[in-house]
Amino acid sequence: MLELKRRWLSALGALVLVVGIATDGGTAMAKEKYKDIENVSHRGASGYAPEHTITSYQMGEKMHGNYIEIDLQMTKDGQLIAMHDETLNRTTDGTGPVKNYTLDEIKHLDAGSWFNEAYPQYAKSEYVGLQVPSLEEIFRKFGKNASYYIETKSPDIYPGMEKELLRLIDKYDINKQKLLLQSFSADSLKIMKELDPSLKLIQLLSYKGNAVITDTDIAKIKEYAIGVGPNHTYLNQEYIQKVVNSGLEIHPYTVNDKERMQQLIDWGVTGMFTNFPDLLNEVKKGK
């Protein structure tokens, strides 16, 4: 009789376990899906601190960003620096094209005060006087095993940019498994692919209306890249599913609204860029 009771309790326990898996399985799978989304700190945590500064990159890491995203420009003396624009005007107290200034000259500029004026709700006194970092400085600061997401900006203006970038990647022994290189220029990506076939490349895309990508487009991109980075505004579920089912990654930019983050994840993106990595981290945790 005792043995029969033990068997009955054992069977009941198994049934409860199966029911639990059946009811919680969907939630568990959803959490796993959300966990795998790449949280790319766009220009660092640039919603909270001056973009492309060491401070912004550090803040991105603290807010659980998976990647340090770096836009590259090239100085008059051939140094790669972190800056989005081709000119100094917007994010420093300097003026004119980056290519007309040496690294030393750019280092004397204030790359933080503009942010306090533009975003007083996030202003901090310590942002005043922040410097524009060189790529070498970033590599030295964050080390070879950090995850970097680097864009060659305006490569047509800077001949040899790709070669210099790869020289520094090799000089600092950057872990290429945790490195992604992106560009709007397919030619720039192909140059990097030729110089080092092991690199993981992302083709940036920009849409001004309903996003459409053909099988031919995908086939061409897959010849050199592992993924695409479209602006999120005009994306739809069909587009995202088509890209993902082809085997490409898809990392839309720049998503700063939690509701849109949630929608894009539900549609199947594999990552996204955000100025607020803490918000994406909350969405990934179901908050």
**Message:** Measuring from atom CG of D104 to atom NZ of K76, what distance do you get when rounded to the nearest 0.5 angstrom?
**Reply:** 12.5 Å
**Spatial distance of atom CG (L235) from atom CG (N231) [nearest 0.5 Å]** = 6.5 Å
**Test applied, side chain to side chain donor-acceptor pair (under 3.5 Å); reference residue, K153; option that passes from Q73, H84, E86** = H84
**Asked** Is the F142 to Y148 ring centre distance short of 6.0 Å?
**Response** no
**Message:** Within this structure, what is the CD1-CD1 distance for the pair I138 and I70, rounded to the nearest 0.5 Å?
**Reply:** 4.0 Å
**Request:** State which residues pass salt bridge (Lys or Arg N to Asp or Glu O under 4.0 Å) with D156; sequence neighbours excluded, sorted by chain then number.
**Result:** none
**Request:** Measure from the ring center of Y239 to the ring center of Y207 and say whether it is less than 6.0 Å.
**Result:** yes
**Asked** Can you hop from I54 to L103 via hydrophobic side chains spaced under 4.5 Å?
**Response** yes
**Asked** How many angstroms lie between OG in S56 and CD in E51, if you round to the nearest 0.5 Å?
**Response** 8.0 Å
**Message:** Can you tell me which residue among V243, I250, V244 is in a side-chain contact (heavy atoms from CB on, under 4.5 Å) with V269?
**Reply:** I250
**side chain to side chain donor-acceptor pair (under 3.5 Å) assessment of Q79 paired with S134** = CA-CA 7 Å; Q79 302 295 308; S134 68; over 6 Å; no
**Asked** Are the aromatic rings of Y122 and Y48 close, with centres under 6.0 Å apart?
**Response** yes
**Item:** Any donor-acceptor pair under 3.5 Å from N245 side chain to Q241 backbone
**Value:** yes
**Prompt:** Is the shortest heavy-atom distance from the side chain of H232 to the side chain of R260 under 4.5 Å?
**Reply:** yes
**Message:** Nearest 0.5 angstrom please: E151 CD to S154 OG, how far?
**Reply:** 8.5 Å
**Complete:** Those residues at least two apart in sequence (or on a different chain) that pass ring pair (Phe, Tyr, Trp, His ring centres under 6.0 Å) with F273 are Y149
**Beyond-backbone contact of K200 with K176, side-chain heavy atoms, under 4.5 angstrom** = no
Got a list of side-chain donor-acceptor pairs under 3.5 Å for residues 219-226, not counting sequence neighbours?
from : atom 1 : to   : atom 2 : distance (Å)
K222 : NZ     : S246 : O      : 2.5
Y224 : OH     : Q203 : OE1    : 2.6

**E69 with R43: basic N within carboxylate O range, under 4.0 Å** = no
**Pairwise distance CD(E164) to CD(E136) - rounded to 0.5 angstrom** = 7.0 Å
